[in-house]
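The sequence lines fix the lettering, A, B, ..., with proteins before strands; numbering per chain opens at 1.
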Amino acid sequence: MKGIYEIIADKWGVGKEIIMDIPKLTIAGNREIYIENYKGILRYEPEEVWISSAMGTLIIKGAELKIKYIGLESLLISGVFSEIKYNI
Amino acid sequence: MFNKIFKFLKGYVIIEIYGLETARFVNICLRRGIDIGNVLPTEKGMSLCVRKSDFGKIRSVARKTRTRVKILQKVGLYDLFARYRKRYFFVIGLVMTAAFFAVSSRYIWVVEINGAETVDMDKLAASLDSIGVKSGALKKNLPPGTEIKRRITDANEGVAWAWVYIEGAKARVEISEKILKPDVIDRDAYCDIAAACGGVVKSMVVKNGAEAVKEGAVVGAGDVLISGKVPVYKEGQPEKYMYVHALGEVEAYTSHSRTGDYKLYYESRNVTGRGKTFYSLELFGKRFDLFRSMNVDYDDYNKTDKRNELNINGYSGICLNSTRFDEVIVNREPITVDTALEIARNKMEAEIAKELQPKSQLLGSDISYEQLDDETIRVTLNMSFIEKIGIESTGTEGTETQSIETENTPAQ
């Protein structure tokens, strides 16, 4: 069931990540993932990165995972991804 | 690129963090405005880069998150100087190298001349030398470009345009030559018609001057055929001559021959793959061999020279020359006498053609050979022509008698 923020976002045509404070993921194949609006890093290993977000924990699994860029609101992870999932 | 340079100038520290809450360490750093980057996982925890100015702020973060921080590397201009501070010879070498390039780039070390084909190179080089465009000249003392151009064109008749381009330590002189107008025959100047080569005179057509030989006469190279010295006196009166510009056509039967030794085999050179390269260093026009001698123990080889100039915003005056010797195996493939004669004929015909007068007519040719040994033959080629052998020849009498003779009597 849609929440009030989601309905507003749909009606106004505004990005949901802006109104709902949810992460926005931009994935380039299985090589690069750009995450905006994240909360923080929970775990960082070459095969697994756990990222905290408003929607729960985002788990990225793969090989040779590297944080290429990290900022307060966005981060860029590169490597060879095998699995991306939410642990809600 | 610029980001990296600024980062290097400001300086940064690569640290390794390990402990219970390394990920939290990163999160707190970001929230406190500590710029971090290049986050990589390590065996103990993770490594990351922190600005030198932010390094003091991470102490409290480390304490809060109960992580330990280890400095892996300090990077930056300040640290680079600090690292090499006590390496006196390195620093002295660095300074001397910089000074060397700074000083040497103020001079011209090599002068390269392009475009000069018919111009007298010695004269051109001498004029450049007098202008100051020479090895070892200070660039700032050179006259303006237009002045150099004017002085080069004034000193060298065949040069229509010239410009000197300064490329680092090299002065590149570009030359455009004049297309010289053909010589206009001065019909008033005294001259004879002489034989360009020996032969038997076949026919003569005298347009101006006095006939010096008759048809059927045997003449040698340099013999006067039509004289410009024309007698203009009657018997019993003092001798008096008129000096004219001799004109006319003289055809003669001529013979040209060539002899040469030719081999009865054809040589082909195949590279074996073995080779040696010798280097030499050229510093500001002076060559220094980096080997004592350039001796190779190959019986047959191909030699290749190569020049590698060091260009730093133009030629720096430093050049590495290499001379490559590639070993070759010379294979001899036998050829027939007829093939050898054909090769010899082509070669000798080309040589004879160079000494012929224009519009020569071939009457016949004869080629013969004698065997010198199993591999060599001596070939003789005789060619006979009808050739216009008359060429203008300025006599010495003309200069001393110009003032004596003033009459303008028509030629006989």
Side-chain angles (χ1 to χ4, degrees), chain A residues 17-18 20-28 30-88, chain B residues 1-8 10-55 57-58 60-70 72-73 75:
Chain A
E17 75 279 4
I18 297 166
M20 296 170 69
D21 195 27
I22 55 171
K24 182 183 178 185
L25 277 64
T26 310
I27 303 169
N30 67 340
R31 297 279 169 172
E32 212 166 71
I33 181 164
Y34 185 67
I35 305 162
E36 292 169 83
N37 217 10
Y38 78 104
K39 298 282 180 199
I41 298 171
L42 299 176
R43 196 166 158 187
Y44 178 32
E45 286 167 13
E47 292 82 26
E48 203 171 277
V49 181
W50 288 33
I51 291 155
S52 165
S53 74
M55 290 194 69
T57 305
L58 175 66
I59 300 168
I60 300 162
K61 289 184 181 179
E64 298 171 17
L65 299 181
K66 283 179 189 170
I67 298 177
K68 283 180 82 175
Y69 164 78
I70 186 164
L72 193 58
E73 291 189 341
S74 60
L75 84 159
L76 181 69
I77 300 170
S78 70
V80 183
F81 309 128
S82 58
E83 193 179 331
I84 299 167
K85 68 174 183 181
Y86 277 106
N87 197 358
I88 302 168
Chain B
M1 180 68 187
F2 287 111
N3 198 16
K4 278 186 180 176
I5 292 169
F6 285 126
K7 208 173 156 186
F8 179 77
K10 284 181 179 176
Y12 59 92
V13 187
I14 302 172
I15 56 169
E16 185 182 26
I17 52 169
Y18 52 95
L20 293 173
E21 298 172 305
T22 51
R24 194 168 160 235
F25 178 94
V26 173
N27 296 333
I28 293 173
C29 282
L30 290 169
R31 256 178 240 123
R32 290 189 181 182
I34 299 169
D35 204 8
I36 59 172
N38 206 16
V39 185
L40 294 169
T42 60
E43 284 182 13
K44 288 182 181 178
M46 59 178 84
S47 73
L48 44 98
C49 296
V50 185
R51 265 191 217 157
K52 208 168 234 183
S53 54
D54 290 338
F55 186 70
K57 298 177 191 171
I58 64 169
S60 60
V61 182
R63 202 178 300 125
K64 190 174 180 181
T65 55
R66 285 176 292 170
T67 51
R68 296 184 71 96
V69 177
K70 184 183 169 189
L72 296 177
Q73 196 183 348
V75 186

### Task
Go through the atoms of A/Ile70 and report whether side chain, backbone, both or neither lie under 4.5 Å from a heavy atom of chain B.
both
#### Entry: A/Lys39 versus B/Arg31, closest heavy-atom pair with distance
O-NH2, 3.2 Å
### Query
When rounded to the nearest 0.5 angstrom, what distance separates OH in A/Tyr38 from CG in B/Leu30?
4.5 Å
### Heavy-atom proximity to chain B below 4.5 Å, by part of A/Leu75
neither
### Message
I'd like to know whether CD of A/Glu73 has more than 12 heavy-atom contacts from other residues, nucleotides or ligands below 6.0 angstrom.
### Response
no
### Query
Are there more than 12 heavy atoms of other residues, nucleotides or ligands under 6.0 Å from atom CZ of B/Arg68?
no
### Message
Can you give me the closest heavy-atom contact between B/Asn27 and A/Gly40, atom names plus distance?
### Response
OD1-CA, 3.3 Å
### Query
Taking only residues two or more places apart in sequence or in another chain, which ones pass side chain to side chain contact (heavy atoms under 4.5 Å, CB included) with B/Val75?
B/Phe8, B/Tyr12, B/Ile14, B/Gln73
### Query
Out of curiosity, B/Thr42 OG1 to A/Tyr44 OH, how far, rounded to the nearest 0.5 Å?
9.5 Å
### Query
Atom OH in A/Tyr69, atom CD1 in B/Ile36: separation rounded to 0.5 Å?
10.5 Å
### Query
Got more than 12 heavy atoms from elsewhere within 6.0 Å of NZ, B/Lys52?
yes
### Query
Which region of B/Val26, side chain (C-beta onward) or backbone (N, CA, C, O), has a non-hydrogen atom less than 4.5 Å from a non-hydrogen atom of chain A, or is it both or neither?
side chain
### Query
Heavy-atom count around A/Glu83 CD within 6.0 Å, excluding the residue itself: above 12?
yes
